[in-house]
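To start, the structure itself, in structure tokens.
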Amino acid sequence: MLLDIDISGLIPKHMENRGKLTLKENLKIIENILEQRKVPERGISEEHIKFLLRILSFMDTDKDPNVIQIGEREARVYTKLQRESVFDFCHGVGRSGNLIDPQPKAPGASVMYKLTNKLLESFLKSLGLNVKAIATPVATGMSISLSLSASRKKYNSNVVIYPYAAHKSPIKATSFIGMRMRLVETVLDGDSVKVEVSDIEDAVRKEIKNKNNPVVLSTLTFFPPRESDDIEEIAKICQDYNIPHIINGAYAIQNFYYIDKIRKALRYRVDAIISSSDKNLFTPIGGGIVYTKDESFLKEISLTYPGRASANPIVNILISLLAIGTKNYIDLMKEQKECKKLLDELLNDLANKKGEKVLNVKNPISSCITTKKDPLNVAGKLYNLRVTGPRGVRKNDKFGTCYLGEYPYDYIVVNSAIGVKKEDIYNVIEKLSKVI
């Protein structure tokens, strides 16, 4: 038993036995998490989550009532508010040489981090991804930087081949670690903007011919009209040329369309996939998820993080996994899919009424509708109507459209991500119909 306390003689024996039975049943929930190291199916209560976090945080040396603290890093904090903001894991996680190394002053935080990673793996396995995983204390862009840095260290990568997507984070991630980026231009295919796999292979071949060591940074999840890169074919190319392949799958976990693509790509060369904790697991911004079948590369990524890290993003990931549970998450995925179907139906009705069209682009999260009005003005009006999320893009915006030519339409992007409800979809279409 997790806590074996002696209360004999304080209350009648039958009451003692009843009380211990209740305590045992509550502690059993915590013990099951620690022993099985799997995400519960239906999630557990906030009280049990807080209890687990409190037990683990009490293991850290700053909670020792007789400790003598003389170091420069002793988890000294000024107010209770600061302790509460990190759930009392004031020592953080990791050591200066390795993000996932146990910290001698923080046995509890070290257990918490290891447990989070085990639960992440069990969670991804429940979705069909048999991978190794770590939670990172930084969001998607910086997690990409860590992964590229690991590629440079392990494979001497010096140039990032990037099938062009209008996403500042990967571009800045590459610049941040001082690597050169080679863009592969997009092409227009009907309404879709995409990158030809043959063009990616040409870029790989040319960089190798020039005595460089490329790494491919592909994009799985993005706003339409940009479609997903063909990560399976890219993985085959990277395997053939023996070069690393990192996938930006910021919100890939929430939909089986993306998960199926990842599963197929993992049969070939995939060194790491990066996803966001806030986009997939309902956490505050600040955490990332890195997963792969290549455990040695995952270890290399953990080695690239300098110094210790805040425990807060890791704790938030752990809380979400425990609170949601696998069955509830799959229910949320089903709801997301239903909302996207509803969104497309209502957008098509609206397009027919307004003389517009819904762009024919494969995307399980987002949809686009054309507009004859200035799309930035339409998006601004939606914002003033208290609608957040839609993007207005002009056809000559080469960054916004991901297309270096002129796109055929001005358009509005509307999302139906995990957590959106049908009433949200009805409300946004009602407001869009007034301003488009």
Side-chain angles (χ1 to χ4, degrees), residues 2-5 27 30-31 33-34 37 44-120 133-143 145-146 149 176-177 276-278 281-290 299 301-323:
L2 201 59
L3 293 175
D4 192 9
I5 57 175
L27 290 173
I30 306 301
E31 288 177 327
I33 297 295
L34 294 171
R37 297 163 197 184
I44 62 176
S45 72
E46 290 186 2
E47 291 306 313
H48 288 110
I49 294 172
K50 283 192 271 187
F51 190 28
L52 170 61
L53 294 174
R54 178 58 64 191
I55 289 170
L56 294 179
S57 69
F58 265 129
M59 294 172 65
D60 288 353
T61 58
D62 58 300
K63 313 306 186 307
D64 180 354
N66 297 313
V67 70
I68 300 170
Q69 297 176 301
I70 59 171
E72 85 287 1
R73 287 183 177 176
E74 296 292 353
R76 300 184 185 97
V77 295
Y78 198 76
T79 74
K80 183 180 178 183
L81 283 175
Q82 291 165 322
R83 286 194 172 276
E84 290 175 346
S85 71
V86 291
F87 297 89
D88 234 346
F89 292 104
C90 300
H91 275 293
V93 295
R95 303 188 73 181
S96 59
N98 188 351
L99 182 61
I100 59 176
D101 265 2
Q103 169 57 239
K105 292 180 183 178
S110 300
V111 170
M112 182 274 296
Y113 192 13
K114 187 72 173 181
L115 177 65
T116 301
N117 292 337
K118 289 289 185 185
L119 293 185
L120 257 182
I134 60 171
T136 58
V138 287
T140 310
M142 288 302 291
S143 294
S145 281
L146 294 178
S149 182
F176 180 77
I177 62 169
S276 163
S277 66
D278 65 277
L281 293 178
F282 303 91
T283 70
I285 286 177
I289 305 163
V290 183
K299 174 78 170 177
I301 292 171
S302 75
L303 288 168
T304 63
Y305 190 92
R308 283 193 236 180
S310 169
N312 191 272
I314 310 300
V315 172
N316 279 318
I317 291 172
L318 176 59
I319 289 171
S320 280
L321 291 171
L322 292 174

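Please read all numbers here as calculations on a predicted model, not as lab measurements.
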Is a side-chain donor or acceptor of [X] paired with a backbone partner of [Y] at a separation under 3.5 angstrom?
X	Y	result
Ser320	Ile317	no
Tyr113	Ile134	no
Asp60	Cys90	no

4.5 Å side-chain heavy-atom contact, [X] and [Y]:
X	Y	answer
Val86	Val315	no
Leu146	Val290	no
Leu53	Leu318	yes
Lys299	Asn98	yes
Ile319	Phe87	yes
Met112	Leu115	no

Residues in side-chain contact (heavy atoms from CB on, under 4.5 Å) contact with [X], at least two apart in sequence or another chain:
X	value
Glu46	none
Ala309	Val93, Leu99, Pro137, Tyr305
Ala133	Leu120, Glu121, Leu124, Tyr291
Ser45	Glu47, His48

Residue of the set Ile285, Thr140, Thr283 for which side-chain contact (heavy atoms from CB on, under 4.5 Å) holds with Ser276: Thr140
Mind checking salt bridge (Lys or Arg N to Asp or Glu O under 4.0 Å) for [X] and listing every partner two or more places apart, or none if nothing turns up?
X	result
Asp278	none
Lys105	Glu74
Arg54	Asp88

Write down the atom of Ala109, the atom of Gly92, and the distance for their closest heavy-atom approach. CB-O, 3.4 Å
Looking only at non-hydrogen atoms, find the nearest pair between His91 and Ala106 and report the distance. CB-CB, 3.6 Å
Residues forming a side chain to side chain donor-acceptor pair (under 3.5 Å) with [X], sequence neighbours excluded:
X	value
Ser310	none
Thr116	none
Thr136	Ser143

With a 6.0 Å cut-off (strictly less than), is the heavy-atom count around CZ of Phe176, excluding the residue itself, greater than 12? no
Is the number of heavy atoms from other residues, nucleotides or ligands within 6.0 Å of CZ (Arg37) greater than 12? no
State whether a side-chain donor-acceptor pair under 3.5 Å links Thr304 with Ser149. no
